[in-house]
Every structure is written in C-alpha cells, then in structure tokens.
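Accompanying notes for the structure given below.
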Amino acid sequence: MPSYKLTYFDARGTAEFARLVFKQAGQEFEDVRIPMDQWPGIKEEQPMKALPVLEIDGRKFCQSAAIVRYLGKKFGLMGSDEEEGLVVDELMEVFAEMVNKHLVGFKTEQDESKKLELVKKFKEETFPLYSSFIEKRLDENKNKNGEDGYYVGKTVTVADLGIYYMMFKIREFMKRYDIDLLEGRTAISDHMARVEQLPNIAKWLKERPQTEF
Ligand SMILES: N[C@@H](CCC(=O)N[C@@H](CS)C(=O)NCC(=O)O)C(=O)O
C-alpha cells in the first residue's frame with residue numbers, strides 16, 4: 001500500500017469526506033491540518049493553489065471528489081457492479097450539488113435577513129427535494145435486500161459516507177436556527193445512526209479534532 005498524506009485546514013470542510021473513507025477502510029494516513037497563518041507560505045506549492053491535497057508516495061493530487069473516488073476504488077467502496085456504481089456516483093453528485101449549489105450560499109451570504117430567506121427556501125423546497133430522492137434510493141435497496149441498510153448492496157460505500165456527511169453538515173447548520181429538518185425523516189435518521197455506529201467511524205467521530213466547520 002502506498003503512503004498517504006492528506007493536507008487541509010483545521011476543519012472538516014471538503015477534506016472530511018476523504019477522511020471518513022480512509023477511516024472506514026481502516027487505512028492509515030497522515031491527517032495534516034495547516035493553520036491559516038501558514039497557508040500563504042505553502043499555497044504556491046499546491047497543484048491548484050488550494051486544499052485538500054492528497055499525497056500518494058509524495059506525488060500531489062487535488063480536487064476533493066476525485067480524491068474520494070480514487071479512495072473508494074482503492075478500498076472497494078464503490079459498489080459491486082456498474083449499476084451499484086451508478087447509484088454511488090449519482091449520490092456523490094447529489095453531495096457535490098448540495099454543497100456547491102446550496103450550502104455555499106449559507107456561508108457566503110452575510111446579510112442575516114437574506115440568510116433567513118435562504119433557510120426558509122431550503123427548508124420548504126430544496127431539502128424536501130433532496131431528501132425524498134435519498135429516501136427513495138434507501139427504500140429501493142431495502143426492498144431488494146429485505147433489510148434496512150445502505151444505499152447499494154449490503155455493505156457501506158462512499159455514497160453512505162458522503163450522504164451521511166452531507167446530512168451532518170445540514171443538521172449542524174440548522175441547529176443555529178433551531179430547525180430539525182430530519183424530524184419525520186426516519187429512514188435518513190436511521191441511516192445516519194447506522195453510519196455513526198460503524199466501529200471505525202464511531203471511533204473517528206469521538207477522537208477527531210472538534211472544529212466549527
Ligand atoms: N474543487 C476543489 C475546491 C478547492 C478549494 O477551493 N479549496 C478551498 C478550501 S475548501 C481553499 O483551498 N481555499 C483557500 C484558498 O483558495 O486560498 C475541491 O473540491 O477540492
């Protein structure tokens with residue numbers, strides 16, 4: 001196995017999905033967290049002047065989604081055939097779209113009243129659309145396997161880790177507004193609990209640095 005070093009800031013951010021994949025796979029990696037004041041000094045050394053960067057035996061790779069897909073393939077977490085792989089990919093795109101199209105607005109909008117409007121629209125339109133689709137995929141796999149479980153097959157894939165992390169981000173953000181979007185969304189809450197109870201993930205959630213984002 002090559003040596004892995006994942007460099008990011010001291011945050012979950014766009015590196016945490018890859019960290020979750022490493023942890024679930026039980027694969028050792030160096031979890032490097034750059035203090036913000038040191039970032040200007042190393043920015044120019046990064047392939048696209050941004051983080052996360054994964055070093056594999058010293059060679060640097062960027063783009064968080066590409067990193068997750070690589071790790072998923074390496075550790076057998078992409079589904080067991082092309083059709084399962086399609087669902088896994090589909091849910092990875094759901095994750096990316098949610099983060100880049102919707103959650104980013106909460107971060108960039110500074111005006112609190114405009115932010116409240118975004119929260120309202122998210123609660124009434126965006127979240128129901130995404131969560132209904134996610135529940136449909138969970139339900140389909142449940143019908144196929146006859147048991148509550150994961151998004152494809154009977155074992156964890158990167159789709160489970162990504163959608164878990166997406167829901168975690170939403171849950172954390174909405175707490176500030178005293179909103180629980182997962183109320184009544186039992187299939188999603190149960191899935192989150194299932195991921196949180198995976199032994200390697202449970203250990204990581206306990207020991208990982210506590211950061212705001
Ligand atoms: N599409 C890239 C985005 C990379 C990116 O914009 N990273 C941000 C942090 S999330 C960054 O390095 N910001 C610092 C900077 O641009 O100076 C990915 O998913 O990896």
Side-chain angles (χ1 to χ4, degrees), residues 2-25 27-75 77-79 85-110 115 118-119 122 126 130 134 151 157-176 195 201 204-205 208-213:
S3 80
Y4 292 114
K5 176 163 141 181
L6 183 68
T7 303
Y8 192 61
F9 303 101
D10 187 19
R12 293 183 300 272
T14 47
E16 192 65 12
F17 192 175
R19 293 187 187 119
L20 289 168
V21 179
F22 270 126
K23 289 295 168 183
Q24 175 56 24
Q27 173 62 47
E28 293 263 319
F29 71 105
E30 216 183 317
D31 182 18
V32 180
R33 293 164 182 257
I34 305 292
M36 279 318 285
D37 60 348
Q38 287 177 22
W39 172 233
I42 63 154
K43 184 175 163 95
E44 293 304 310
E45 295 160 20
Q46 310 312 320
M48 291 196 72
K49 327 282 180 230
L51 298 176
V53 164
L54 177 68
E55 275 175 63
I56 307 176
D57 286 339
R59 187 174 171 201
K60 291 181 177 176
F61 298 89
C62 61
Q63 297 299 341
S64 54
I67 291 170
V68 166
R69 282 193 170 89
Y70 161 80
L71 296 175
K73 284 181 202 149
K74 196 83 184 166
F75 306 132
L77 299 172
M78 293 297 279
L86 176 58
V87 176
V88 169
D89 249 340
E90 185 186 55
L91 291 167
M92 279 200 62
E93 292 302 319
V94 166
F95 171 88
E97 190 174 283
M98 170 61 82
V99 173
N100 299 325
K101 189 170 161 187
H102 303 291
L103 301 186
V104 71
F106 295 132
K107 222 167 156 189
T108 48
E109 183 54 71
Q110 299 299 319
K115 215 177 225 185
L118 287 181
V119 168
F122 186 84
T126 312
Y130 280 70
I134 286 165
Y151 287 104
T157 63
V158 296
D160 295 287
L161 301 172
I163 297 299
Y164 161 72
Y165 180 43
M166 181 186 105
M167 290 296 173
F168 173 91
K169 277 170 174 288
I170 294 170
R171 190 177 65 189
E172 290 305 295
F173 177 76
M174 289 297 161
K175 273 184 193 164
R176 298 173 205 188
V195 171
I201 298 295
W204 174 241
L205 297 182
R208 74 180 170 188
Q210 295 303 312
T211 55
E212 192 181 352
F213 301 108

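Whatever order the structure lists them in is the order used to number ligands and atoms, beginning at 1. All figures in this text were calculated on a predicted structure; none of them were measured in a lab.
Counting protein heavy atoms only, atom 3 (C) of ligand 1 is closest to Q63 OE1, 4.6 Å. At the shortest separation from atom 6 (O) of ligand 1 among protein heavy atoms lies A50 CB, 4.2 Å. Scanning the protein for heavy atoms near atom 13 (N) of ligand 1, the closest one is F9 CE1, 4.2 Å. Ranking the protein heavy atoms by distance from atom 14 (C) of ligand 1 puts W39 NE1, 3.5 Å first. What sits closest to atom 8 (C) of ligand 1 on the protein, heavy atoms only, is L51 O, 3.6 Å. Scanning all protein heavy atoms for the shortest distance to atom 16 (O) of ligand 1 gives K43 NZ, 3.5 Å.
Between Y8 and ligand 1, no pair of N/O atoms sits closer than 3.5 Å. The N/O atoms of S64, backbone and side chain alike, include one that comes under 3.5 Å of an N/O atom in ligand 1.
Between Q46 and K60, the shortest heavy-atom distance links the atoms OE1-NZ, 3.8 Å.
In this structure, A65 does not count as a contact residue of ligand 1, since none of its heavy atoms falls inside 4.0 Å of the ligand.
Ring centroid separation for the pair F122 and F106 comes in under the 6.0 Å cut-off. Taking the six-membered ring wherever Trp is involved, the centroid distance between the rings of F61 and Y70 does not fall below 6.0 Å. For F29 and F22, the gap between ring centers is short of 6.0 Å.
Remark: the Y8 side chain and the T14 side chain contain an N/O donor-acceptor pair separated by less than 3.5 Å.
A cation-pi arrangement, defined by a distance under 6.0 Å to the six-membered ring centre and an angle within 45 degrees of its axis, is absent between R69 and F75.
The pair D57-R59 does not count as a salt bridge, with every side-chain nitrogen at least 4.0 angstrom from each carboxylate oxygen. Looking at K169 and E16, no side-chain N of the basic residue comes within less than 4.0 Å of a carboxylate O on the acidic one, giving no salt bridge.
Of all atoms in ligand 1, listed by their number and element, those nearer than 4.0 Å to a heavy atom of P52 are 20 (O). Heavy-atom proximity to T14, at under 4.0 Å, picks out these atoms of ligand 1: 10 (S).
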